[in-house]
Number of protein chains: 2
Amino acid sequence: MATRIDGPTRREQILKEAARLFAERGFHGVGVDEIGAAVGISGPGLYRHFAGKDAMLAELLVGISGQLLTGARRRLAEADGGGDGTDRNPEEVLDSLIEGHIDFALDDRPLITLHDRELDRLRDSDRKLVRQLQRQYVELWVEIVREMYPALAEPSARSAVHSVFGLLNSTPHLGRPGSPLPGRDTMATLLHRMARGAFAAAGTA
Amino acid sequence: MATRIDGPTRREQILKEAARLFAERGFHGVGVDEIGAAVGISGPGLYRHFAGKDAMLAELLVGISGQLLTGARRRLAEADGGGDGTDRNPEEVLDSLIEGHIDFALDDRPLITLHDRELDRLRDSDRKLVRQLQRQYVELWVEIVREMYPALAEPSARSAVHSVFGLLNSTPHLGRPGSPLPGRDTMATLLHRMARGAFAAAGTA
DNA sequence: CCTTCAGGTTAACGACCGCTAACCTCCCTG
DNA sequence: CAGGGAGGTTAGCGGTCGTTAACCTGAAGG
């Protein structure tokens with residue numbers, strides 16, 4: 001493995017800029033020349049690093065889904081403390097999951113946007129992989145939510161989880177203009193409280 | 001005004017199918033030939049009804065924003081009961097707003113999807129109009145929310161409203177496959193409770 | 001019955017876009 | 001100091017897409 005004193009790889013630069021552009025104008029709305037220009041090379045030079053435009057999108061989406069799932073599993077394992085899950089504190093785990101998702105939504109807005117917007121542009125095999133990762137991520141949340149609110153039927157719990165994702169992923173929609181935005185910490189706290197409030201309201205029949 | 005025994009106008013058919021296709025594959029991902037085929041005519045025949053592909057998207061987005069705003073104003077006026085707003089019951093108004101938004105999200109999924117996905121593809125003037133309508137809709141909610149939760153600062157209230165929109169608009173993301181979905185009424189009740197819970201959690205310092 | 005016109009049709013143009021081909025230029029290494 | 005590969009460049013091909021042009025048709029109206 002190369003020593004990392006060189007800053008981000010060319011590949012990483014490309015992926016980052018591509019994510020931003022795809023999020024801003026949509027996959028079909030961005031040309032390869034623009035992506036190239038964003039990293040200082042032009043057009044076909046990208047093909048030294050990726051097989052094609054589709055491959056960039058695929059790598060982005062698989063990366064996002066994988067990162068979310070891996071992070072969630074790590075957090076669950078930490079909160080579990082080596083036990084078998086029967087004695088873990090669901091409230092603590094849920095808070096940790098929410099925190100992780102919020103960090104992602106606030107720090108990687110373009111990726112969050114892509115994640116639920118451009119999935120259909122993938123090749124079948126890639127799309128299946130991404131959906132599988134997403135589904136595992138959702139089911140992990142559903143399990144914890146149902147531990148906390150046993151009265152909640154499984155379909156309702158799954159819908160509730162999707163809805164909270166919608167809530168947490170809403171930050172990209174906040175308008176750019178002059179109106180004052182809450183700071184990052186304020187925003188994180190607000191989103192966290194709202195997510196908990198939404199689950200509580202869903203779970204108390 | 002033409003008597004309406006003829007069913008939907010050609011224009012209306014086209015708009016409906018275009019909305020569905022745009023929502024499914026994105027504005028740039030759909031060709032005019034496909035839109036034409038979806039209503040039984042082909043390709044350039046659409047230009048007898050619309051100035052171009054852009055015009056269809058513009059009419060859709062302006063229509064959505066206008067419908068949401070108009071509906072919200074009507075509901076607010078009804079709940080206001082002819083008063084000047086000083087003695088209205090904010091809880092009642094908020095419930096009515098939530099109900100209206102949920103009806104829209106559940107009954108017009110493609111439009112809700114377009115609404116926050118393809119705004120940037122519009123001409124400048126149209127985009128400004130849509131944003132203005134959206135902003136008025138948001139401010140209307142913010143006003144009511146702040147009446148109910150005076151402790152909530154305005155930037156936080158605005159963020160909270162955006163987040164609840166994200167929650168309510170999350171229904172298109174529910175997967176198609178076999179896993180059982182809640183029925184429409186169950187879903188509406190669930191979303192309503194979660195929205196109220198989220199606001200309550202945001203508003204209680 | 002002739003005209004008109006709304007609402008279609010097909011052909012084709014021009015622009016754009018993803019991608020390949022062919023070539024160039026450092027830099028590293030034996 | 002050869003040489004070879006990594007990482008660029010520009011030119012250009014093939015296909016697609018939005019749009020226009022030119023033409024057709026059936027029904028309504030005087």
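Below, chain A is the first sequence line, B the second, and so on; all start at residue 1. Side-chain atoms are counted along with the backbone in the values below, which use heavy atoms only and exclude waters and symmetry mates.
Between the OH atom of Y47(A) and the C1' atom of dC19(C) there is a distance of 5 Å, rounded to whole Å. Per the geometry, CD1 belonging to I14(B) stands 13 Å off C1' belonging to dA6(C), to the nearest Å. Rounded to whole angstrom, the span from the CZ atom of F50(B) across to the P atom of dG8(C) amounts to 12 Å. Spacing between atom CD1 of I35(B) and atom P of dT16(D) amounts to 18 Å, rounded to whole angstrom units. The nearest whole Å value for the distance from the CG atom in L57(B) to the P atom in dC17(D) is 17 Å.
One distance of note links CG of D116(A) with CZ of R117(B); it measures 6.0 Å at 0.5 Å rounding.
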| Where do H115(B) and V130(B) land on the side-chain contact (heavy atoms from CB on, under 4.5 Å) test, with the steps shown first? | CA-CA 9 Å; H115(B) 178 254; V130(B) 172; 5.6 Å; no

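Remark: the backbone N or O of A201(B) is paired with a side-chain donor or acceptor of R193(A) at under 3.5 angstrom.
Salt bridge R109(A)/E24(A): absent, no basic N to carboxylate O contact under 4.0 Å. Between R196(B) and E91(B), at least one side-chain nitrogen of the basic residue sits less than 4.0 Å from a carboxylate oxygen of the acidic one, meeting the salt-bridge criterion.
In terms of heavy-atom proximity, M148(A) sits nearest to P90(A) at CG-CB, 3.6 Å.
Counting heavy atoms from C-beta on, the side chains of W141(B) and R158(B) never come closer than 4.5 Å.
The side chain of H49(A) places no N or O atom within less than 4.0 Å of a non-bridging phosphate oxygen (OP1 or OP2) of dA6(D).
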| Reading nucleotides 9-17 of chain C 5' to 3', which nucleotides get B (base under 4.0 Å from a protein heavy atom), which S (sugar-phosphate only), which -? | BBB------

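If you run ring pair (Phe, Tyr, Trp, His ring centres under 6.0 Å) between F165(A) and each of F199(A), F104(A), Y137(A), only Y137(A) comes through.
Comparing the axis of the opening five pairs of the helix from dC1(C)-dG30(D) to dG30(C)-dC1(D) with that of the closing five pairs yields an angle of 0°, rounded to 10°.
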